[in-house]
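Because the structure is a prediction, the values reported are computed rather than measured. Chain A is the first sequence line, chain B the second, and so forth, proteins listed ahead of strands; every chain is numbered from 1.
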Amino acid sequence: MTECYIRVAEDENEEPMEIPSEEDGTVLLSTVAAQFPGACGLRYRSPVSQCMRGVRLVEGVLHAPESDWSNLVYVVNYPKGKIRSDNKRKMDEMDAASAVKIKRGVQKTSDLIVLGLPWKTSEQDLKDYFNTFGEVIMVQVKRDAKTGNSKGFGFVRFTDYETQVKAMSQRHMIDGRWCDCKLPNSKAGPDEPMRSRKVFVGRCTEDMTADELRQFFMQYGEVTDVFIPKPFRAFAFVTFADDQVAQSLCGEDLIIKGTSVHISNAEPKHNNIHHLFSNFPGRSPSLAAMFERSQYQFPSSHV
DNA sequence: GTTGAGCGTT
């Protein structure tokens with residue numbers, strides 16, 4: 001362990017500042033407090049558990065979580081209830097951070113199709129049945145519009161992803177028939193990109209290098225690829241080893257080198273390539289065609 | 001008034 005710089009920020013979504021460690025690899029709380037007055041400690045988001053973890057603090061000395069500080073961004077802790085001049089703003093940021101935390105910690109659920117329902121099964125029957133697995137937030141029984149007769153299938157949505165996994169892992173005896181819960185085919189399109197390991201990084205600036213993007217996104221998880229189109233087109237693709245990491249970032253605005261970039265799915269539903277060139281009215285329409293033939297096509301086969 | 005692999009009127 002040698003002297004290095006660790007990245008510290010006031011909030012997960014704020015631009016980090018590099019502060020120096022000591023020769024033995026520890027970081028003095030006083031060094032942190034010199035840049036963040038009132039600081040009483042550090043925390044960071046574990047890439048494994050996705051939870052915030054506290055940094056060990058012994059007599060004013062902060063110790064690296066593992067063998068080193070890794071490339072994580074550390075967030076400053078302040079004493080609870082401490083009055084700061086910009087208290088209101090900080091409270092808002094805390095709320096935003098909480099929302100982010102919740103979003104990252106929880107895997108999104110999706111509607112499940114329920115096949116094989118008895119004709120007589122009602123939505124209430126469905127809800128009563130699936131409530132024994134976990135909280136149900138939506139049930140539907142599909143019916144003929146004219147007769148009102150059940151079509152023998154429906155949909156269910158659970159609050160918790162764990163419940164969804166459980167429900168999909170087994171057959172269900174409902175009103176005397178065996179039924180199956182599956183991910184609907186209609187979700188195969190929109191859902192596939194949701195599980196992608198690749199994210200689209202919008203609003204990139206020209207001074208962002210692939211290496212810098214890699215360094216930045218490392219804090220969320222292992223980065224397996226960074227792609228920046230040339231010539232410059234203000235976006236990039238970042239691929240993670242873990243699809244859940246990629247998914248957790250979608251929809252967020254992150255600050256890189258002082259610029260807010262927007263993270264979204266690498267393969268939007270409206271994957272019309274020509275839309276990408278609609279911002280360049282001066283260019284020939286064939287540019288899109290050239291793009292399609294070029295090496296810079298959107299990868300579509302990555303899972 | 002039927003049926004039994006599939007894929008969601010609003």
Of the listed nucleotides (B/dG4, B/dT9, B/dG8), which one gets closest to any side-chain atom of A/Arg177? B/dG4
What do you reckon, do A/Phe153 and the base of B/dG6 stack, with centroid distance below 5.5 Å and planes below 30°? no
Within this structure, what is the CG-to-C1' distance between A/Asp144 and B/dG1, rounded to whole angstrom? 14 Å
Pair A/His172 and A/Phe133, ring centroids less than 6.0 Å apart: yes
Between A/Ala210 and A/Ile228, what is the shortest heavy-atom contact and its length? N-CD1, 3.4 Å
Rounded interatomic separation in angstrom, taking CZ from A/Phe155 and C1' from B/dG8: 4 Å
According to salt bridge (charged side-chain N to carboxylate O under 4.0 Å, His left out), does anything in residues 211-222 of chain A pair up with another residue at least two apart or in another chain? List the pairs. A/Glu212-A/Lys257
Of B/dC7, B/dA5, B/dG8, the nucleotide closest to the side chain of A/Lys182 is B/dC7
Comparing nearest nucleotides in DNA chain B, the 5'-proximal residue of the pair A/Met138, A/Ser150 is A/Ser150
Given atom CG of A/Leu183 and atom P of B/dC7, what is their separation to the nearest angstrom? 15 Å
Atom NZ of A/Lys146 and atom C1' of B/dT10: how far apart are they, to the nearest Å? 17 Å
Looking across every strand, which nucleic acid part, if any, lies under 4.0 Å from A/Leu112 by heavy atom: base, sugar-phosphate, or nothing? nothing
Base B/dG6 paired with A/Asn185 side chain (donor-acceptor, <3.5 Å): no
Transitively linked via ILVMFWY side-chain contacts under 4.5 Å: A/Val245 with A/Val73? no
The side chain of A/Trp119 is closest to which nucleotide in this list: B/dC7, B/dT3, B/dT9? B/dT3
Rounded to the Å, how far apart are A/Gln140 CD and B/dT9 P? 7 Å
Give the nucleotide from the list B/dG8, B/dC7, B/dA5 with an atom nearest to the side chain of A/Ile113. B/dC7
side-chain N/O A/Lys142 vs B/dT9 OP1/OP2, d < 4.0 Å: yes
Take atom CZ of A/Arg56 as the centre, draw a 6.0 Å sphere, and report whether it contains more than 12 heavy atoms from other residues, nucleotides or ligands. no
Let me know the distance between CZ of A/Arg143 and C1' of B/dT10, rounded to the nearest Å. 16 Å
